[in-house]
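Working notes, structure below.
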Amino acid sequence: MTLYLECSGPELFDHSAMPRAILTILVTVAAAYPCFAQNPDVSLTAKSETQAATVIADAETLQTCDPIETVLGLSASRSPAIHASGAIVDRARSDAAVASSLNKPQLSVFGRSQAGDGGLTGNALDNQVGLRASLRLFDFGDARLARTAANARVNSAISNRMSVETQTVRQTALSYLSALEAHERLRIIQDRESYFENLLQANQSALENGYVTLSQVAEISANLAEAQADRIEFEFLIDRFTQEVSIDVDEPVVICTNQIPHFGISALDFDDTDVEVALNANPEIVRAEQDVNAFDADKRRERLNRTPIVEAVGITSYSYIDQLNDWEYRDRIGVDVSVPLFSGSALSARVRGAEADVSRARFELAQIRRQLREDIILTHRDLLSLGAQFERRKHVEDMQLQKFEAAQFEFDSRMKTLPGLIEDRLEYEQSRLVTASLKYEHLRQQINLMALTGTLIE
């Protein structure tokens with residue numbers, strides 16, 4: 001995954017080369033500038049001073065926040081689901097080790113006590129202890145197919161772990177982006193709240209002098225109350241999404257609100273010819289392909305269940321015979337051949353079951369491939385559309401700002417009514433909200449495309 005970070009706003013001056021007092025004054029004036037531009041007669045309020053102090057605090061705590069690439073790394077390393085999928089990989093590797101031991105020498109210790117016909121004199125008790133060594137000589141490919149199936153399941157488990165890791169990182173990234181979006185929308189709502197606070201203060205005195213009506217002041221108060229309600233809602237959303245990220249990484253997280261992540265994928269550089277390459281890199285596709293290989297090896301192995309297995313066997317032991325009252329050394333070497341003759345149709349049923357597993361795995365692979373192809377193509381189209389919409393909406397936002405500034409000038413010159421000014425102000429704010437939503441939806445779709453193409457984690 002390639003990830004870049006950049007500041008969300010333009011850099012107006014060098015913080016490090018400027019005295020702290022001057023920096024405080026400039027940031028305070030910059031925070032209060034929208035209020036002066038909208039109503040030059042209104043002085044800096046306590047709300048604006050608080051916002052300016054918050055801007056300074058954010059600048060001072062820039063180095064203490066948790067960037068998104070750090071958060072995603074912690075999420076991948078601490079997720080219980082990823083650790084559980086890693087345990088599945090370990091189990092598959094242990095099964096592969098068992099399969100690889102089928103054609104290796106086997107050595108075991110045995111003890112035996114038996115009673116039976118001992119010859120002409122009747123029954124005898126025979127106690128025996130010794131070693132048995134065996135080596136599979138020929139099995140018509142049974143051991144080889146067992147290793148093939150086991151190795152395919154190891155690769156499937158590894159791909160499944162990558163898929164789980166991708167989905168975990170994707171979910172954490174989406175929560176982080178949602179927190180960033182909530183922060184940006186909160187700043188827009190705070191600007192609206194500050195604007196209507198200043199406007200209400202300015203028009204309360206005008207109401208006493210008879211320049212505005214009571215209904216106009218009530219409309220300003222209603223808009224202020226709505227802005228305060230929206231602020232509370234977005235503060236809750238910020239806390240919610242921040243808590244989601246904190247739970248994912250298992251520790252408190254501070255969102256870097258003044259940094260916008262840039263991901264190393266572009267919709268303009270991605271075309272339909274890259275879809276096949278993306279499908280081959282997707283861990284879900286790889287997992288499904290390996291499952292098909294494993295079940296196919298199982299099917300071919302089951303078809304060999306009536307073929308003989310030939311083993312070389314050597315036994316060395318000591319036997320105690322009660323008739324002789326003595327221990328006797330015995331050794332034996334030979335060949336064992338085992339062939340199943342009758343199993344009550346169990347062997348045929350196992351072959352049919354293995355064939356059904358292969359068919360199901362192939363259908364599942366085809367379904368996953370079809371669904372992923374659709375998701376990749378549609379996500380790519382969404383990225384192209386969102387990019388174009390963002391550019392146009394940004395232009396609309398600039399035009400709405402010019403319209404609002406003109407309305408403010410006309411209102412100050414008594415050429416526009418207060419309701420018209422409020423309407424223009426709300427339209428400008430709505431355009432800002434739409435632009436912010438498009439920006440973060442574009443980032444979310446980038447995350448989705450990287451997850452679908454298997455490039456979110458590397």
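The chain is numbered in sequence order, starting from 1. Only this structure's heavy atoms are used, side chains among them; waters, hydrogens and symmetry mates stay out.
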Salt bridge present between [X] and [Y] (N-O < 4.0 angstrom):
X	Y	result
E441	R444	yes
R369	E289	yes
D296	K299	yes
E235	R231	yes

message: If the test is side-chain contact (heavy atoms from CB on, under 4.5 Å), which one of V351, D139, L145, T148 qualifies with R301?
response: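 Option passing the side-chain contact (heavy atoms from CB on, under 4.5 Å) with R301: L145.
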- request: Would you indicate whether R392, at its atom CZ, is surrounded by more than 12 heavy atoms from other residues, nucleotides or ligands within a distance under 6.0 Å?
  value: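 Count not over threshold, so no.
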- request: Flag this pair as yes if the NZ/CZ of R185 is under 6.0 angstrom from the six-membered ring centre of F234 and inside a 45 degree cone about the axis; otherwise no.
  value: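 No, R185 and F234 do not form such a contact.
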message: Going by the rule side chain to side chain donor-acceptor pair (under 3.5 Å), which residues pair with K394 if we only count those two or more places apart in sequence or in a different chain?
response: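 With neighbours one apart ignored, the set is empty.
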query: Taking the six-membered ring for Trp, are the ring centroids of F390 and Y440 within less than 6.0 Å of each other?
result: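 That pair fails the under 6.0 Å test.
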- request: List for me each residue that meets ring pair (Phe, Tyr, Trp, His ring centres under 6.0 Å) alongside F138, sequence neighbours excluded, and say none if there are none.
  value: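 In terms of ring pair (Phe, Tyr, Trp, His ring centres under 6.0 Å), with neighbours along the sequence ignored, F138 is linked to F140.
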query: What pairs with R393 under salt bridge (charged side-chain N to carboxylate O under 4.0 Å, His left out), at least two apart in sequence or on another chain?
result: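 Salt bridge (charged side-chain N to carboxylate O under 4.0 Å, His left out) list for R393, sorted by chain: empty.
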- prompt: Between S175 and E244, does any side-chain donor sit less than 3.5 Å from a side-chain acceptor?
  reply: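 Yes, side-chain donor-acceptor contact under 3.5 Å.
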- prompt: Does the side chain of R192 reach to within under 4.5 Å of the side chain of I188, using non-hydrogen atoms?
  reply: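 Heavy-atom side-chain distance check fails, nothing below 4.5 Å.
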